[in-house]
Structures are given as structure tokens and as C-alpha cells.
S.K.: 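Dumping the structure here so I can ask a few things about it.
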There are 2 protein chains.
Amino acid sequence: MKRIDTKTRILNTAEQLFARDGFHNTSLRTLTDLANVNLAAVNYHFGSKENLLQSVIERRLIPLNQVRQEKIEAVLAAAQQQGTTPSAIDLLRAFIEPTLAFRGTDSGAKDFIALVGRALSEPDETVRNCFIQQILPLFKLLFTTLQQALPELPANILLARLQFTMGALSHVMCSSVRPLPQIPGFPEPLAGEELVEQLLTFVCTGLEASC
Amino acid sequence: MKRIDTKTRILNTAEQLFARDGFHNTSLRTLTDLANVNLAAVNYHFGSKENLLQSVIERRLIPLNQVRQEKIEAVLAAAQQQGTTPSAIDLLRAFIEPTLAFRGTDSGAKDFIALVGRALSEPDETVRNCFIQQILPLFKLLFTTLQQALPELPANILLARLQFTMGALSHVMCSSVRPLPQIPGFPEPLAGEELVEQLLTFVCTGLEASC
DNA sequence: GTCTATACAGAGATAGAC
DNA sequence: GTCTATCTCTGTATAGAC
């Protein structure tokens, strides 16, 4: 652990604590103590607590968005080659599957996904804008390709349904680190692959509903 | 404004600021200045900042849950009277429609709904537990009645889909006070009744999907 | 360049005068 | 019920050691 440099130790610890306790509820003193770095190191390396959060988000979100974009473009290319329009479920899978699969890549990734799942409802404008700025190009790509997949659906209804989809996805992302309490008499919640497939079925069916 | 008593002025102002800026990002000094009360009044009347939040939530959530419960029970009674099983869309409408309609009841109600929409993803355990405790009996009622409406659907899949539904609903609740930025080339977002109907169509179709 | 020690303003909470 | 004074802890900034 001591071999990792200060900046990375701060990023890793911040990811963990921001996800678990929230951004505003995490003090720099708790963070720097746990990371075994000096209090002032955060301001030296990142400038401020908010810049630290931005770095935490960008470190993983930029590569993740890259993967999602490539997968969407692959679906487009495959459809174009066959002379067909892309299917909604393939497009949504290209967006959702890497996001949830990302949780398994390493121990911090799960925290990160929970953090990003909360980002959309984050009240702090700086935090939310940082996230929105990162996701916007990808969201536009998903929207326009879904328009091709569902040409009969009015654009404003597609937009609304895509936001319902984001809400459901965000919720799943959050609950991976803070699961709801097991309720007596309730079934064991789904997890892993099965949860991804159920989410895809749910949002695709909803997206394709007649209006 | 000066006619309203101290406690209510604090509740109203807290509702507004917690919804707009978030709980941890709202200082008691800002809150008490805006409410025209002394700094110490919050601790005198509520004991702590967290107890204040709990009061803010309970003041409106208890009556709202009462309405939702009554509407669900009315759907059940109507079905029983006709000797049929209740329909999923009627049950979901009984849950969702009062929630979103509540936004229009007064100026603070809109803030409140945004606050509750964020509650599920709230990192602070005390806050989240307060909300979960309030919603749990209603959630159980909705779950068991939906099992009657969709008897062929496995319980764990119904539970997963109901949580997707909660995610989509939460997202809509949040965005009523902090709408996403209007994106150039994108359609005008839906609002009001139309949004409620689209959400109902979306989640009902998803809930009833074959597996 | 990197890190440590420390200073400072603002936060929530509380005791006690009125 | 209300207000002031005060306590501890927070984020931030900076001076100086290595």
C-alpha cells in the first residue's frame, strides 16, 4: 500500500469515502488520515476538495465512456453493414452492460459506480455539471441512434423514456454499494448478470411501448 | 410571513434550502438568517440539524403516504367488488399519481418532492433510514398487491422491476426542481400530466414484460 | 517538486443569561 | 422562548523543511 504514490492514495481513498458517506459528509481530515497522507496534500495535488472529486470522477469515467461509445458505434456499424437499422436493445445493452460490468473490474470500481449513480441527483451544481459534461456527448449519441431504432416514436417521448431509463439505471448503480435492507417475507434481490438482463428487458420494453 | 411561528418558518425554509442545495451543503446560519430566526432556535426546537430534516420529511410524507395507501386500497376494494384481480396500472397509478400531483399543492411541495426523490440515494444512513421507515409499509402493500395483479411473474423479478420503477420515479421527482439543461437539437422535455402518463406507460409496460 | 506544520474563517452544537 | 458566548471540528491557504 505504501508503494502507491500520494496522489493515487488520495484518489483511491476519496473514491471509497465519497461513495460510502457522500461528498459533503466526508472530511478532509478523515480522508487524509485513512490515506496516510498529510492534510495539506489534498490542496497541493488537487487545489480543492471539489477538484479532487472531479479528478475521482474523471479518472474512471473517461475510459468508461470511451468503452460505451465504442460499443454503441460497433452496434451502428454492424447494422449498417447488414443494411438494417440498429435495434433498441442492442444500443441499450452497449450503454448499460459496460457500466454495470465495470463494478467487477476492481474493488474501487464498485464505489465509483455508486458515486456516479448519485451524480445526476446531486444538488451541488459544480459536481452535477462535471458529470453532465462528461456524459452529454454519449447521451446525444444514444438518443440519436435510438431515434433511428424507433423512428415512429415522437422525439419528446423518446427523451422522456430515456430519462426514465437513466433513473432506473442510476438506482441500480447506487444500490450496488448500499443495498436496501432485506425485508422479511420478500424474495432475495437479483444481482449480477441476472439483474443486468432484467434491467435491459424492463427498459427496452418500456422504451418500445406504443403510445 | 411574520405571522407564522418560528418552528414553521424553520421547517419551510429548511425544506426549500435542503431541496435546492442539499442537506450537508446547507448551513444553519444561512437557514436561520433566511428564516429570520436565531441560530440557536434550530437546536432548541428540533434538537439537531438531522432531526430538523426528519421533521421536514415527516411533516409531508406521512399525509402523502396516507393518500397513497388509501388509493391503493380503493383499487383493491373495487377489484374485489367486481370479483376480479386489480390491474397493475391502476395500482401503480395509485402510487405514482398522488406523488407527482403533490408537487402542485403549494410552493414548498415541489421542493419537498425533489428532496424525497433524492432520499433513496442519500449516503447518510440516518436520513435514508428515516425515509425507508416511512415508505416501507406502503412498499410492502404495493408489492403484495402487484403480486396479485401479476401472479405469473416470479417474486424476485417483480421486486427487481419494482425497484427499477422506484428509480425512474425518483429521477422524475428530482428533476422537477433541478431540470437537466436544455440540449441544443433536443426536443422540449415533457411536463405535468403528460409526464405522469408517460411514466405510467413506461413502468407498466416494463413491469408486465414477459421473462 | 513534494510534503509538514500551522493559521484562519466558518460550520454545528451547547450552556447559561435574560 | 430567545439570544449570546463559546466549544470543537471543518475546508482552505500558506510558509518553510526536505
Side-chain angles (χ1 to χ4, degrees), chain A residues 1-59 115 118-119 122-130, chain B residues 1-59 115 122-130:
Chain A
M1 181 58 161
K2 258 293 181 187
R3 300 283 305 277
I4 308 172
D5 70 346
T6 302
K7 207 168 166 179
T8 307
R9 283 214 307 284
I10 293 175
L11 282 172
N12 291 345
T13 310
E15 184 171 70
Q16 180 190 336
L17 292 182
F18 290 169
R20 201 191 59 190
D21 302 331
F23 174 69
H24 290 291
N25 210 17
T26 300
S27 80
L28 287 185
R29 281 166 179 83
T30 307
L31 199 164
T32 52
D33 282 358
L34 189 61
N36 267 306
V37 301
N38 186 271
L39 170 61
V42 169
N43 273 272
Y44 173 73
H45 284 287
F46 299 95
S48 73
K49 193 185 175 189
E50 268 189 350
N51 279 349
L52 168 60
L53 175 63
Q54 188 157 337
S55 297
V56 166
I57 294 180
E58 285 177 355
R59 176 174 67 149
L115 190 60
R118 250 190 339 247
E122 177 67 45
D124 190 297
E125 199 144 348
T126 318
V127 179
R128 215 172 62 258
N129 284 346
C130 164
Chain B
M1 182 59 157
K2 259 294 180 188
R3 299 282 303 278
I4 309 172
D5 70 347
T6 302
K7 208 169 167 178
T8 308
R9 282 215 306 286
I10 293 175
L11 281 172
N12 291 344
T13 310
E15 182 170 71
Q16 180 190 337
L17 292 182
F18 290 169
R20 203 191 57 188
D21 302 330
F23 175 68
H24 291 290
N25 211 15
T26 299
S27 80
L28 287 185
R29 282 165 178 84
T30 308
L31 199 162
T32 51
D33 281 359
L34 189 61
N36 265 308
V37 301
N38 185 270
L39 170 61
V42 169
N43 273 274
Y44 173 73
H45 284 287
F46 299 95
S48 71
K49 195 186 174 188
E50 268 189 351
N51 278 350
L52 169 59
L53 175 62
Q54 187 156 338
S55 297
V56 166
I57 293 180
E58 285 177 356
R59 176 174 66 150
L115 191 61
E122 178 68 44
D124 191 296
E125 200 145 347
T126 318
V127 178
R128 215 173 62 255
N129 284 347
C130 164

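By convention in this document, chain letters (A, B, ...) are assigned in the order of the sequence lines, proteins followed by strands, and residues within each chain are numbered from 1. Because the structure is a prediction, the values reported are computed rather than measured.
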S.K.: Side chains of B:Arg20 and B:Asn25: is there a donor and an acceptor less than 3.5 Å apart?
M.R.: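 Per modelled atom types, B:Arg20 and B:Asn25 side chains form no pair under 3.5 Å.
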S.K.: Rounding to a whole Å, what distance do you find between B:Lys7:NZ and D:dT2:C1'?
M.R.: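 Atom-to-atom, B:Lys7 to D:dT2, this comes out as 15 Å.
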S.K.: Is there a donor-acceptor pair closer than 3.5 Å between any side-chain N or O of A:Thr13 and the backbone N or O of A:Arg9?
M.R.: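 Present.
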S.K.: Please report the end-to-end axis angle for the helix from C:dG1-D:dC18 to C:dC18-D:dG1, five pairs per end, rounded to 10 degrees.
M.R.: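 Overall, the helix from C:dG1-D:dC18 to C:dC18-D:dG1 bends by 0° from one end axis to the other.
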S.K.: How close do A:Val42 and A:Ser48 get, counting heavy atoms only, and between which atoms?
M.R.: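 Minimum heavy-atom separation between A:Val42 and A:Ser48: CG1-O, 4.4 Å.
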S.K.: Can you check the A:Leu31 CG to D:dT12 P distance for me, whole Å?
M.R.: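 Those two atoms, CG and P, are 12 Å apart.
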S.K.: Filter on ring pair (Phe, Tyr, Trp, His ring centres under 6.0 Å), then keep only pairs touching residues 22-58 of chain B, sequence neighbours left out; what's left?
M.R.: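 Non-adjacent pairs meeting ring pair (Phe, Tyr, Trp, His ring centres under 6.0 Å): B:Phe18-B:Phe23.
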S.K.: Once you round it to whole Å, what is the distance between P of D:dC9 and CG of A:Asn25?
M.R.: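 The answer, rounded to whole Å, is 16 Å.
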S.K.: Please list, for nucleotides 10-14 of chain C, all pairs of protein and nucleotide N/O atoms separated by less than 3.5 Å.
M.R.:
from   : atom 1 : to      : atom 2 : distance (Å)
C:dA11 : OP1    : B:Ser27 : OG     : 3.4
C:dG12 : OP1    : B:Thr26 : O      : 3.2
C:dG12 : OP1    : B:Leu28 : N      : 2.8
C:dG12 : OP1    : B:Lys49 : NZ     : 3.3
C:dG12 : OP2    : B:Leu28 : N      : 2.6
C:dG12 : N7     : B:Arg29 : NH1    : 2.9
C:dG12 : N7     : B:Arg29 : NH2    : 3.4
C:dG12 : O6     : B:Arg29 : NH2    : 3.3
C:dA13 : OP2    : B:Lys49 : N      : 3.1

S.K.: Drop me the distance from B:Leu52's CG to B:Glu50's CD, to the nearest 0.5 angstrom.
M.R.: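 Answer for the CG-CD pair, B:Leu52 versus B:Glu50, is 10.5 Å.
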S.K.: To the nearest 0.5 Å, how far apart are SG in A:Cys130 and CD in A:Glu58?
M.R.: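 So the SG of A:Cys130 and the CD of A:Glu58 are separated by 5.0 Å.
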S.K.: What's the separation between atom CG in B:Asp33 and atom CG in B:Leu28, rounded to the nearest 0.5 Å?
M.R.: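 So the gap between those two atoms works out to 10.5 Å.
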S.K.: Going from CG on A:Asn43 to OG1 on A:Thr32, what distance comes out if it is rounded to the nearest 0.5 angstrom?
M.R.: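 Reported to 0.5 Å precision, the distance equals 10.5 Å.
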S.K.: Taking atom P of C:dT2 as reference, at what distance in whole Å does atom CD1 of A:Ile10 sit?
M.R.: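 Nearest whole value for this atom pair: 12 Å.
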S.K.: For D:dG1, take OP1 and OP2 only and decide whether either is under 4.0 Å from a side-chain N or O of B:Thr6.
M.R.: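 Indeed not, no polar side-chain atom of B:Thr6 lies that close.
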S.K.: Rounded to the nearest Å, what distance is computed from the NE2 atom of residue A:His45 to the P atom of nucleotide D:dA13?
M.R.: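 It works out to 16 Å between those atoms.
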S.K.: In whole angstroms, how far is the P atom of C:dA15 from the CG atom of B:Asn38?
M.R.: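 Value for this atom pair: 16 Å.
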